[in-house]
Amino acid sequence: MHDGLLQIAGFCCERDGRVLFEALNLNLGRGDALELRGPNGSGKSTLLRAIAGLYPDYSGTIETAESLYLGHRPGVSALLTAAENLAWYGALRPGDTEVEAALERVGMTGYERVACQHMSAGQQRRVALARLLVCAAPLWLLDEPLTALDRSGQALVRSLIEGQRQAGGAVLCATHQPLELADGRVLDLEARR
Amino acid sequence: MHDGLLQIAGFCCERDGRVLFEALNLNLGRGDALELRGPNGSGKSTLLRAIAGLYPDYSGTIETAESLYLGHRPGVSALLTAAENLAWYGALRPGDTEVEAALERVGMTGYERVACQHMSAGQQRRVALARLLVCAAPLWLLDEPLTALDRSGQALVRSLIEGQRQAGGAVLCATHQPLELADGRVLDLEARR
Amino acid sequence: MSTPGRLFAAQFRRELVATMRSLQEALNPLVFLFLAITLFALGVGVEPETLGRHAPGIIWVLVLLSNLLALEGLFRRDFDDGTLEQLVLLGEPLFLPVLAKVAAQWCVSGLAMTLLAPLAALLLYLPADALGVTLLTLLTGSPALTLFGAVGAALTVGLRRGGVLLALLILPLYVPTLIFGAGAITLAMAGSDVSAQIYLLTAISMLSVTVAPFAVQAALRISLEQS
Amino acid sequence: MSTPGRLFAAQFRRELVATMRSLQEALNPLVFLFLAITLFALGVGVEPETLGRHAPGIIWVLVLLSNLLALEGLFRRDFDDGTLEQLVLLGEPLFLPVLAKVAAQWCVSGLAMTLLAPLAALLLYLPADALGVTLLTLLTGSPALTLFGAVGAALTVGLRRGGVLLALLILPLYVPTLIFGAGAITLAMAGSDVSAQIYLLTAISMLSVTVAPFAVQAALRISLEQS
Amino acid sequence: MTIRELWHRLGSPRWFYGISRPLGIVLGVLALGLLLTGTLWGLLFAPEDYQQGNSFRIIYIHVPTAIVAQSVYMLMGAAGLVLLVWRMKMADVVLTAAVPFGMTMTALALFTGAVWGKPTWGAWWVWDARTTSMLVLLFLYFGLFALRQAIPRRETAGRACAVLAVVGVINIPIIKYSVDWWLTLHQGATFKLTEAPAMPPEMWLPLLLNVLGVYCFFGANLLGRMRAEILEREQGTQWVRELVAVHPIESARS
Ligand code: HEM
Ligand SMILES: Nc1ncnc2c1ncn2[C@@H]1O[C@H](COP(=O)(O)OP(=O)(O)OP(=O)(O)O)[C@@H](O)[C@H]1O
Ligand SMILES: Nc1ncnc2c1ncn2[C@@H]1O[C@H](COP(=O)(O)OP(=O)(O)OP(=O)(O)O)[C@@H](O)[C@H]1O
Ligand SMILES: [Mg+2]
Ligand SMILES: [Mg+2]
């Protein structure tokens, strides 16, 4: 379709001789959200990394708009403060939100000047989430964004995703805890076996 | 009490000028399980590390039996296979479960010979969990054991905990997802503020 | 997309800040340099004339080795915490931040060593009149060291304990720089003209500035595919 | 609790396996040694008599440096993936696994270098009759290098700070080994008896075997309390 | 067929596997013939060297290995470039297959040189322009080898080695030049090699034969390794399954 942000056709991939995907087809348009479910080792991260362009050995075609990838590794440099980390991301791929605003949104005001190595696991994840606001891209690829987050953090992730959808973006999210998104689609990799 | 596995009295601790605990008292006996809840940065990991003996700057007294600590870092060496990792743990603190049996229990049969760097996030966490079976200690200190685990993995953790309690051990577990343990106590660090 | 200038500046600033936060780590190579020099004085024996005659070679070789030490961690930490993959995904054109990273690295190791060379020379009884040339050779040669080294670092970043492997990959590439660098000082001590060698060193550095960033860029993409 | 023997064996096996996963990794330090020697010849020049005269010092210093490089990552990886904190928590008595770790490291770097020393001597025009002594000094001296180095590695593993401290702290520990080692070879080349130096080297190694493991143990505990 | 067609064909492992067998056999036979004649002629019938006596005959192994060792690295540089630019699988296969041979040849050249050095120079090893650059070449080879061993994923390893090989090839001339200059700086240790061109024909003809022979040997060896590599990489594919089904022995041999 015209406003397609992600088009995957005939995606096949195997690792260590285990077939993870055979002929997966997937389309995401503006405002779509897709939850990726599946048991450990079913290939969620692999798929996301392939879409992001970090994992090349697959067959099939992936057409994707610009994307932001948030993986198992937070992408937050421990030596830098929260503000410095985000400022750097802002320079790489400028979005429309200011660093302070983003930090406030993820509930980390007061931590601008704290080096991330002095933050708790969840606080680091929150800084990583703030990146989604500081940078701008139509497609979000989130790999277990709820990791290490408390209740409020989990609510935050949901509202971030909704915000992205309202803004006309799309979200592909691998998770083990149901997100219960408004008319969000769910792709269960186990069911496909 | 006599069969106390963990006795904490007047535990005070602050980090970066934030007071995390003031005069916390806590007792765990055989068969007890305590869920540690609280927002990000409320001090769950700090408390667990203090009990394990990895974090010294606190005041107050901690008397604890031998413990197994499972933290944010899985404690699984990437170059070694699952079996090699566990064999090593078994040598450090021998328990009563064999390596193969442990791996089967955590649903990782078939991965004995796979180097852990070739495993998915959740598979590595499962190997880390198997450690709880291979090693033996009356007190378990688990920091967000559900991280990266799928449904079956989360059920696994619950049954492991129950098993430990039946065996007369105790479990102290920090988590953001409710564990719903049979008559398990819950300590919410936020409520105490 | 952001303007090239802004991209470069942001990366450069980031690197410097991170270095300053772990200043000791940044100082390690320098300390290593002097540690090694002292060891040499102790091991080889300290007759001023022999030491003095070999000083150019010793200084240059040790500069190479400590450079290696500095480069080992160039991408390692970023790789571990996942910022490297983000850089590769978001940084466009990638060679700009890469160049900035290497430039910052050079300021911290290459430049610093150049400035400290006189001290090293002093310890090794290098004749005072050869000091200027020593500085000059290091100044013109060290960029090549950092840049070639960056290629190796990028190739080995994904691997556990890549440290010594890195040495294998890049030390052979250092040979010309070493030869011309040390040779020029030796010649200068003999009183002859060395402008040719200086030009050669500059040429090598220029070449590496044009080639290396792209090699690094490719190498990073490759290394990230593994995990 | 498990029996001491089992504890040691398990740790030793683990280290060897982790190293030998790719055998060539174990070879790297050796190749590094020869690379460094080549660089030296290139930098310092190759008049046979001077090279030959300085060979003992050069060999020893380079063995020392490549040892340092090899040790640099001794605990780093275990720290990053969290196995180190588990080792400290579960390993009792801790000095046994520590000793095993260091022993394995020595077999991979120290011992191997000793065995390849003759080749190095050849490249540096070391007189053939000094070969035996060279081997002997390295064999008796290298354990001390590995052990002292391990203390430093343990101190620096967790925290970014303290690297400089390490270097300054290790240097004095290395000096005696270096002096006796290189000195013995030089003496042997002059044809005099060197049993005294060999005994001294052995004594130093013995001392380090008894002291270092406990120092490492303490250092590890300190490093882990940071994070 | 046109060059462009050939180029595209070369991209297909299956096609290459097909044609490489006869080619490999031809090269192998050639190598055998050339090396036999060259070596026998050189060792038995060629006249003694007027100053070195019989020890000079090592040249018939030494020089060919030395020359080929260098050309192999050049070839790998080219293959690396092709792999990086056109992403052609076969280039990676070449890269993988060539390293061991090149490393062996370099080591052999060093060894024979050392053996030769003992009688002529009175020392196993002498720091001389050629010896030194050869040693550096060996290190370059070892770097490639080590990198390939260190990286588990084959595709990754291939492209990583390609980058290294390309950068290395860019450096080789610089290295050679610098080492030559270095020798002029340290005149102290120069030892003259016996002048090759001055040799009478019955001395250098067998040498020539051996050089060609080693080249052919390299070609045959390369093709053989490539065929094995292809089979391993394409095991999953249909044609390999059929092949293995049809001639189990043959495919096991290659
Ligand atoms: C380890 C020691 C040695 C090494 C690494 C070595 C290496 C080489 C190399 C790289 C070449 C050049 C091949 C070419 O590209 O044309 C060569 C050629 C040659 N070497 Fe050696 N060499 C060594 C020792 C010797 C010795 C001891 C002799 C005899 C005195 C010798 C005699 C020759 C001759 C006659 C040639 C052919 C002349 C020419 O091609 O110009 N080499 N060697
Ligand atoms: N390494 C550290 N150095 C200094 N301060 C730290 C460090 N780690 C955590 N802190 C601070 O200590 C406080 C408690 O951290 P802790 O990790 O115990 O929280 P937590 O309850 O585990 O949070 P989470 O649920 O995110 O894991 C946080 O406010 C954090 O700022
Ligand atoms: N680095 C790697 N190298 C080789 N194989 C890998 C690697 N990472 C994962 N695998 C394999 O690929 C398969 C899929 O891994 P992936 O990480 O995509 O699963 P996942 O769905 O993300 O699992 P989890 O829910 O645990 O994150 C797993 O079976 C694993 O064995
Ligand atoms: Mg995953
Ligand atoms: Mg925590």
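No hydrogens, no waters, no symmetry mates; every other heavy atom, side chains included, goes into these values. Model, not experiment: these values are computed from the prediction. First the proteins, then the strands, lettered A, B, ... as listed; each starts at 1.
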Nearest 0.5 Å please: distance from the CZ atom of C:R21 over to the CG atom of A:L80.
-> 6.5 Å
Contacting moiety of A:T81, where chain C heavy atoms sit under 4.5 Å | both
Looking at CD of C:E15 and CH2 of A:W88, how far apart are the two atoms once the value is rounded to the nearest 0.5 Å?
-> 8.5 Å
Check: A:L70 main-chain N/O paired with C:Q86 side-chain donor or acceptor under 3.5 Å | no
Measure the shortest side-chain to side-chain distance between C:E225 and A:L54 over non-hydrogen atoms and say whether it is less than 4.5 angstrom.
-> no
Decide yes or no for A:R49 and C:E85: does some side-chain heavy atom of the first lie under 4.5 Å from some side-chain heavy atom of the second?
-> yes
Looking at CZ of C:R77 and CG of A:L79, how far apart are the two atoms once the value is rounded to the nearest 0.5 Å?
-> 4.5 Å
Partners of A:R151 by salt bridge (Lys or Arg N to Asp or Glu O under 4.0 Å), sequence neighbours excluded?
-> none
If you count heavy-atom pairs under 4.5 Å between each of A:A128, A:G75, A:A137 and chain C, which one has the most?
-> A:G75
Pull out the residues in residues 163-177 of chain A that come under 4.5 Å of chain C, heavy atom to heavy atom, sorted by number.
-> none
Sub-4.5 Å side-chain heavy-atom contact between A:Y69 and C:L90 | no
If you count heavy-atom pairs under 4.5 Å with chain A, which of C:L87, C:L84, C:L96 comes out on top?
-> C:L87
Is there a donor-acceptor contact under 3.5 Å from the side chain of A:R73 to the main chain of C:D81?
-> no
